[in-house]
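Below: the structure, in structure tokens.
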Amino acid sequence: MNSEKGGATRPSSYSKLCHLRDTFIPALACNGPLCLYSTTTTCNIKVGYTEEKEEKYIEGLCNQFYSDTLRLIEKSFPADPLYCSNRTGEAVQHLSLCSMYSSLQQFSFREEQIIHDYILHDKSQKSMVVFGKPGCGKTVLLASCAGKVHLWLEADNPFLVMRFICPYWEPLNPTILLRGLCHQLSDIYQRVIPNHLDNVADLRQCLVDLMSLSSKQTPLILIMDDIDYVTLDTNSLLPWWLTTPIPPFTKIIVSVTQKQNVTADQVKSLHEDQFLYLELQRQRRECNENLKQCLLEYNRKITSGQQMYVNRSLETNTSPLQVHLLFKIVTEWKSHQDVDSQTLGVDSYESAERLFHKFEIKYSYEIVSRTLSYITLSGSGIGVNELIDLLTADDLVIDKLHELYGTGNIPRMPEWIVTGILLELKGCLSDRMSLGCKLVYWNNQMYQQVIMNRYLSSPEIRQQLHTTMYYFFSGRWPGGRFISKALQKLNSPLPNKCLANDNRTPNQHYLDYHPPSQPWFYHGHSVCQRTVTGNVRKAHELPFHLKQCGKLEKLYNEVFMAFPYYKVLVQAGQLHLLLNSIEDAVELIGKLELYFICDVLKEASCLLKERPDSLEMIFQSKLLPLGSTYPPLLKMANQVYGEGRKKSSIKVLCSPLIRVPFFKVCFPEASSVIRILEMKGGPLLMVVFENGSVYTWAAGKNFRLRFKGSVHVKDVSVDNECRYLALCTLNHSFLLLDCLSWTVLNDLMKNIKENQLVPKHFSFSETRLMVCFDNSSNVRVFDVPSGELIDELVFSQEVTFFSCDSMGKYTVMRQTNNIFIYDNQNLSIKISLPVDLVLHVVHSIHVHETMVYIIDKASKINVWSITNPAQPLLLDELGSEEEYGEVVSTEYSPPWLLICRAQYIEVRHTESWERHCFKPPRGQTLIFGVFSQSCEEVIAAVESVPFLFVWDRESGQCISKISLELGIVSMLTKCRRSSQLAAVIEDKALMLWDLKSVVIPTSYFQTGRPVESLILCPQGNHAYTRDSSDLVCRWDTTSCRITDIFQHCNTVEAMALAAMGEILVTSVTSGGLYVWLTCTGENLHFIQTQPISQILITPNSYFVVTLCEHGISKVWRPTTATVVCYIQPYLQRASINSESTFIIGLQHRRLVAISLWSGRVCKRFHCEEGSDCVLEFKCLKGHPDFIVVITSRADFYTWNMAEGTVCHQFKFPLCNWFQLSSNGRIMATAQSGTINVINTHNGQHCIQHTSNPILHQHLTMDGVFLLYIGHISTKACPCDFHINPVLQVIRVSSGETIDQFHLGKLPSTMSVSEDDRMIFIGFEDGTLGLYSLSELYEGGTRKSNVLKISDSSAVKIYKGKSSPTIIWADPICLEPSES
């Protein structure tokens, strides 16, 4: 503080004050994070400060302090929520772990030189394996070496990839590890890899290919710690996917833990020829020296007697961990303190127990146990403030605090206690930065083991604490926001006298604790801008604790069905963590929606790495079409639209990215698939291979080997309860498996082989297995599971058909002229049916209540009534006279019967015998046919066709073609219990669909042909498209679904819609004109005339103008088809003015206006100073008399057609498209990749360059925004989002890109509604996309109309008249058309 009136101050004192002011304090402020405050006063020191001066001084100091505090906070917490890129998120995470572990190094490792020599000089092309016992320092050594790699290879540019596996909670899946390595290396080497690599073998090969890209100048160093904690299918210590030999310029260093009772020689003997081994082991002398050095740093020594017990403790364990624990204990010994053999532990575990016991004595058992437990139970570490909050909310801790200190209300756990415990644990805990958060966690898993056994051995306690942490990270607590605790305080003597409560009367205090809120996003306001930061801690910890405490329903609803969870992790660069979390949840929860969300994120991962803010767009595009099949996704879609409204200008109202969702997984065996069987008690499938191997598989999970086969299997059967599985082998023996224990029952094999019988058919009957044999009339019955022969049925003739009905109630057998039906409960003969000898070979028999349906291979049906079992009655014989091949499959779902033959599918109603037929494409052969879940659709597979066909049973329409992306189907199985459809693709992979999604009528949402022309109904409820076929489709714009089809006799060439949408006029290539009433679908007229090039309808809908290039154009009335007048000149690019009086167009590149009453040319555009050759023209909607004209000389004119005046405006570059705003003020032009924006009033000209040609464009009517579609990506990525164009919105006034939307498909046409709110885009595959720009204008999106389950009623088809009702003939001659 300076004073201008300080004359009374002593010179020495004044100089000291000046030194303090000018030198000492500023030096402190510069060297540390201190703020310097200075002021100059004009007050007389002798008189002192006036009250006014004091207030002014205090106000100035407070303002400066406030602004400095804000600046410090903003500096500590950056406004940008993107902590790291999704490309580097996983690498940064492990870099943080490397920094944490390397900071633990206190002494040098002699093994470091060996690793140095391996990296620089080794030529063996082998990986190095560092091994040792727990706590020997493997992780610290690898982290230390990783930090020195660039120093060792300073002459080169090495790529370092690290993985530190945290193995405590659960082993790491090798798929996750390999996928992360592949993605990191693909980014390093700029190589594109598939997004859907899930198979370990494929990932391994991808990793080998990427590692081979290393070079002498850019060597690759791969370091992986605790690799033995990656889950393996074998008992090997080292994973099989570690490649050998490795590329010459790649070095791989991994560490494994030497198990108990395993010697170093045994470890080295594993794959000795494939790896280099380095054992990490310290000598006792080294440990003693390190311990002494640590004690000297604290000025401590121990006596010789105490040293004896230290030496004894180091005899059994010489690990650095043991040295550290001994130091923590020994450092508090006194020279006179007596120690014995029990004072120190014999190993690290006991030493850690003694250390924690010391803390319990000092701080109390309750406080220490809870503190260490919360640290241990955290998923990725815990912040100090989080730990204090959790302890504050813990009843046990707060009660103990009041018991110890007896103060009044304690609003919060004292920080000095928590800080003291953490300081005591220095060296046991480590700090690390995780996405901007400083966390503490154990640096060795041994501490976790001690704490789990000492404090968390009870499952109830673990459940309770995980639940507490769930409530904390969710931001809410049971019973409300506040926690009210009633605390009983007694007047007993207290240990801490200075903090004791002097009131001896028992009383009760209440603590109201307000836990911190935990929103998904924190919203802040800095000095310059508003900031939004994701709550990454909540995204990390909340799902972990919900999973650990078993609250799976809450995990599904509160996390995985919450869109902010996905957004937080993607924006924080944690896409890899998000994918791993969803994959775990799919396996744990089993919800199909999660599998599809994970699939979408994998598919779009390349885009999310570039643009994390595109998550809303991806979810809108990909998940919205699935909402009708999976309603939970509609909840997600609502959240997506809510989040997207805050940032995005473009909204998806109807997505064109329609795909039937499916599961796919590659087979782990190269053998052929014999059968796919459905297990009971869940959506679990059993896959039996020809080599005898049996696997189980569920959606979202990996194949699980249940039985390793060693024989060739020809047939298989499973009992109705899915408890036993029978495999018939090619060597005529049986394998009977118990599907619970997956053990083989050998007795049955022995009984079959004794008589050298060849099994032909077999089937389960309750707990019995019935087997018939070749050339035998006997059927043997075996008990399951004992395998004993319990009965033998003897028939007079050989059994030719043997089967069990689909419900497992009856067993059916056929001889030459008899069919026997057995009750499976007691094998009593239910009924005997005499069958005609001329009946063909039986294909299948269906028994339902009192009816039996027998189908032979020629599709002949015998219908029997068994109401009276003693006298069965043949009710009907049905057959097909046509020859369509043999029956390949049948299905009976009462009352519908499906028979699939090679050339057609026949569906019959078994009560009325109503018949429906479905045929495959011409020349194709059906191989399988089934009903959908509701029997309203028929699903079929066709030989050598990569599609499944879905027909609507009633209408006969093919409503869907399901693409088999992996190849040709070789087997199709319907899973009744789980309502799924399974397909084997060329014995290589399995594809699985939910039967609800299979029957999504995708043909209602696409035509399969490029949309060439698109007309919007002015009311906005319908759109009409044509696509070079004989069909015009009407779409419902709220669902982008085809509702009506107008069928013509030939390819549709042109179409036009009346202003009110009530009349549709179309023309075909042969010259026909169709007039349709859109409300009823009636074809009012079919007019035969000349081929039409353009159709126009006047704005008042009274007249239609049809322009003919090689004939006479006509003006006619659509209701009566009477001609009003003829137009002799042919006009190109014509349009009708808003008053419905003139048609304006180009005649030989001259602009003319023709009267719609007389057909004569009434006006001509003419300019004296320029060329009359017109390139393009536009009518101004806001000014109907004015027409804007562009000539071949690039001159811009305005033509007042009413007055006949022409005004030359300016010159500008030539273009192939231009458009004006409604008032004519803004004009936009496009030529190749250049956009020109011109203000016609003042002549201002702006240029916008694009990297690729513009495909489609549109200027809004107000001239504020320009929309265009074009390619922007130069990345060689095969995903749909990168290879297809992008819809972009530009603000015309500034050229700023407001928003961009990746379409995911190739567009063919674009149209925008009159109010510019809706964008309709037609695509090459015949789909239609609907997008909204409402966020740029007043009014909301039509979300409420979109986020609902759409109607799935059949499409109505209106066929046009087969022959013309009116024939127009051109007049022989016309009067001159000149005015």
Any heavy-atom pair between the side chains of [Y] and [X] that's under 4.5 Å?
| X | Y | answer |
| --- | --- | --- |
| W1076 | V1032 | no |
| E603 | D1280 | yes |
| I1144 | V1152 | no |
| Q1147 | Y1130 | no |
| V1188 | L1180 | yes |

Who passes side chain to side chain donor-acceptor pair (under 3.5 Å) against S621, sequence neighbours left out?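 Scan of S621 (side chain to side chain donor-acceptor pair (under 3.5 Å), adjacent residues dropped) gives none.
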Could you tell me which residues satisfy side-chain contact (heavy atoms from CB on, under 4.5 Å) with T1234, sequence neighbours excluded, listed by chain and number?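 Partners of T1234 under the side-chain contact (heavy atoms from CB on, under 4.5 Å) test: N1236, I1247, H1249.
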Pairing residues for R1225 by the salt bridge (Lys or Arg N to Asp or Glu O under 4.0 Å) criterion, not counting sequence neighbours: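 With sequence neighbours excluded, R1225 shows a salt bridge (Lys or Arg N to Asp or Glu O under 4.0 Å) to no residue whatsoever.
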Single hit among T1025, T1043, D1044 for side chain to side chain donor-acceptor pair (under 3.5 Å) with W1035: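 Considering T1025, T1043, D1044, a side chain to side chain donor-acceptor pair (under 3.5 Å) with W1035 is found only for T1025.
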Run through W1157, F1142, W1116 and flag the one making a ring pair (Phe, Tyr, Trp, His ring centres under 6.0 Å) with F1103.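 It is W1157, the one option of W1157, F1142, W1116 that forms the ring pair (Phe, Tyr, Trp, His ring centres under 6.0 Å) with F1103.
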A quick test of your reading: do over 12 heavy atoms of other residues, nucleotides or ligands sit less than 6.0 Å from CD of E1062?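 Counting neighbours around CD of E1062, more than 12 heavy atoms of other residues, nucleotides or ligands fall under 6.0 Å, so yes.
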Are W1199 and H1166 an aromatic pair, judged by ring center distance below 6.0 Å?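 No.
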Is it the case that the ring center of H1048 lies less than 6.0 angstrom away from the ring center of Y1074?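 When the ring centroids of Y1074 and H1048 are compared, they turn out to be within the sub-6.0 Å range.
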Before accepting this row, confirm whether a basic side-chain N of the pair R1133/E1176 lies closer than 4.0 Å to the acidic partner's carboxylate O.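 Yes.
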Between E616 and K651, does any side-chain N to carboxylate O distance fall below 4.0 Å?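 Not counted as a salt bridge, because no side-chain N and carboxylate O are separated by less than 4.0 Å.
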Just do the side-chain contact (heavy atoms from CB on, under 4.5 Å) check on Q620 and S655 with the steps written out, would you? CA-CA 7 Å; Q620 289 178 28; S655 174; over 6 Å; no
Set out, in order, the CA-CA distance, both residues' side-chain angles and the distance that settles side-chain contact (heavy atoms from CB on, under 4.5 Å) for Q1219 and M1227, then state yes or no. CA-CA 6 Å; Q1219 189 178 350; M1227 181 177 73; over 6 Å; no
Classify the ring geometry of Y1331 against F1301: parallel below 30°, tilted from 30° to 60°, perpendicular beyond 60°.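 If you compare the ring of Y1331 with that of F1301, the planes turn out perpendicular.
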